[in-house]
Protein chains: 2
Amino acid sequence: MMKHDVIPDVVIRRLPVYVRTLRQMLAEQVTSASSEELGLRVGVSAAQIRRDLSYFGRFGTQGKGYDIQQLELAVTRILHLDRQWDAALVGFGHLGQAIAQYHGFEQNSFRISTIFARNPDHVGQQVNGVVVLDAPAITDVVREMGVRIGIIAVPASAAQDVADQLIAGGVRAILNYAPVILRLPDNVWMREIDPTGALQSLTYYLSADRPTGKTPHTRASGRILDEAAGE
Amino acid sequence: MMKHDVIPDVVIRRLPVYVRTLRQMLAEQVTSASSEELGLRVGVSAAQIRRDLSYFGRFGTQGKGYDIQQLELAVTRILHLDRQWDAALVGFGHLGQAIAQYHGFEQNSFRISTIFARNPDHVGQQVNGVVVLDAPAITDVVREMGVRIGIIAVPASAAQDVADQLIAGGVRAILNYAPVILRLPDNVWMREIDPTGALQSLTYYLSADRPTGKTPHTRASGRILDEAAGE
């Protein structure tokens, strides 16, 4: 195990924003930038940019800043986005269907290559050439296809069971849309998508007595990028 | 400005998970719990539970633990969830339609009370009694209705403009689904919903050379709750 395996997860979670930002800069034909310029675009300090990137090697040159193309390539490789990843989607209600039809994944190294549903009305339907399969097949199909990413879009009550089935088939990364805390083995990673929780944490700042006033100790947006800086 | 206004945003972001957990416990007719039991359910340490709650007052009694009903009520009030909040949704493509039809918001103190779209095919459509309005009306309608929460579900290229219009109408909290970094004034709070970025940060852990092995310094799930603990 190499030493740099212990990079804090909070740093890893920032890297996709770097990728997105660097690609936008390439689209604008920006070829180089200082850590200050990068920080401004990403929404973190220049020091944070330098510290984050220092985990992965030496980037940028004194006086010239970062080569955007080179840095984009490097971060893409660090995140293993220089290949296509298959993902299994479980759940085909309103949310699952929206996820299945979402094109943002494809453009960013992910392909929903298998879909499962419990509802007999959904099983057999087809989306972008993928046929919706019956949920009991999850473990076998995922194992056979070698899929290592699962997307859970089932009701909260079914989510843990679905996670267990995915993991039994070899899934090691889970994107969980169900509003429930999953218990996972140590070798499985998860991210949660929780819009309701996000809204519920915003209304804290919307009380009648703090109508629009600035609070001196908080920053604009409450972005995940700003906090948890690991300082 | 009271001293406890400077509660770290990372603590605020954990509170919705507490609310969700406490409500689940009430549904299971659990009446009291220790910080250890709570921590286990929430996915953080008992010490973290105690530290988080200590920002808001004294909860729980030595030996008896926390009164779940009382704590649920308290956290609900802290987050201002003891009322219904109106939200404005902008964007009515696949994603916007899925958001408009999502029932989780209603059950959790939020109501999408106005919807805007730029596409003439969408304007005039109706969802749950809400008519989709033409996007140029955003600022006026939001101001007139006193809406303070905006949900942005438009393409990245349009998101900043939409944010500006919402803010001009009085919106102070934004849930942003567009994959772009918004520049916001200091008195506006934002959360981002970025499933692609979440997936992109998971594949870091899925390299061929770290197939399923545990890494000693990281925890199971990479939950936002675990890190950024502000310790």
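In what follows, every chain begins at residue 1, and chains take the letters A, B, ... in the order their sequences are listed.
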field: More than 12 heavy atoms from other groups under 6.0 Å of CD on B/Q84
entry: yes
Side-chain heavy atoms of B/Y102 within contact of A/L95, under 4.5 Å: no
- request: Compare all side-chain heavy atoms of B/L202 with those of A/R172 and state whether any distance is below 4.5 angstrom.
  value: no
- request: Kindly check if the number of other-residue, nucleotide or ligand heavy atoms within 6.0 Å of CD (A/E28) is above 12?
  value: yes
query: Under a 4.5 Å heavy-atom cut-off, does chain B meet the side chain of A/L15, its backbone, both or neither?
result: neither
query: Is the closest side-chain heavy-atom distance between B/Y177 and A/P195 below 4.5 Å?
result: yes
- prompt: Which bit of A/T203 comes within less than 4.5 Å of chain B, counting heavy atoms only: side chain, backbone, both or neither?
  reply: both
field: Heavy-atom side-chain proximity of B/W85 to A/L206 below 4.5 angstrom
entry: yes
B/Y204 side chain near A/I7 side chain, heavy-atom distance below 4.5 Å: yes
message: Using heavy-atom distances under 4.5 Å, tell me whether A/F110 contacts chain B through its side chain, its backbone, both, or neither.
response: side chain
query: chain A: which of B/G197, B/P179, B/G104 shares the most heavy-atom pairs with it under 4.5 Å?
result: B/P179
message: To check you understand the geometry: which heavy-atom pair defines the closest contact between A/D194 and B/R20, and what is its length?
response: OD2-NH2, 3.0 Å
- prompt: Does a sphere of radius 6.0 Å around CD in A/E36 hold more than 12 heavy atoms from other residues, nucleotides or ligands, not counting ones at 6.0 Å or beyond?
  reply: yes
task: Please look at A/T21 and chain B and tell me whether the side chain, the backbone, both or neither of the residue comes under 4.5 angstrom of a heavy atom of that chain.
output: side chain
message: Less than 4.5 Å to any heavy atom of chain A: does that hold for the side chain of B/A198, its backbone, both, or neither?
response: both
- request: Using non-hydrogen atoms and a 4.5 Å limit, figure out which bit of A/I193 sits close to chain B: side chain, backbone, both or neither.
  value: side chain
field: Leading residue by heavy atom contact count with chain B [cutoff under 4.5 Å; candidates A/L199, A/V19, A/I78, A/I149]
entry: A/L199
- request: Indicate yes or no: at least one non-hydrogen side-chain atom of A/L81 is less than 4.5 angstrom from one of B/Q200.
  value: yes
message: Under 4.5 Å from any heavy atom of chain A, what part of B/R183 do you find: side chain, backbone, both or neither?
response: side chain
query: Can you say whether B/I99 sits under 4.5 Å from chain A via the side chain, the backbone, both, or neither, judging by heavy atoms?
result: neither
message: Quick check for you: to the nearest 0.5 Å, what is the distance between B/Q97 atom CD and A/H94 atom NE2?
response: 10.5 Å
task: Answer yes or no: is there a side-chain heavy-atom contact under 4.5 Å between A/Y205 and B/D9?
output: yes
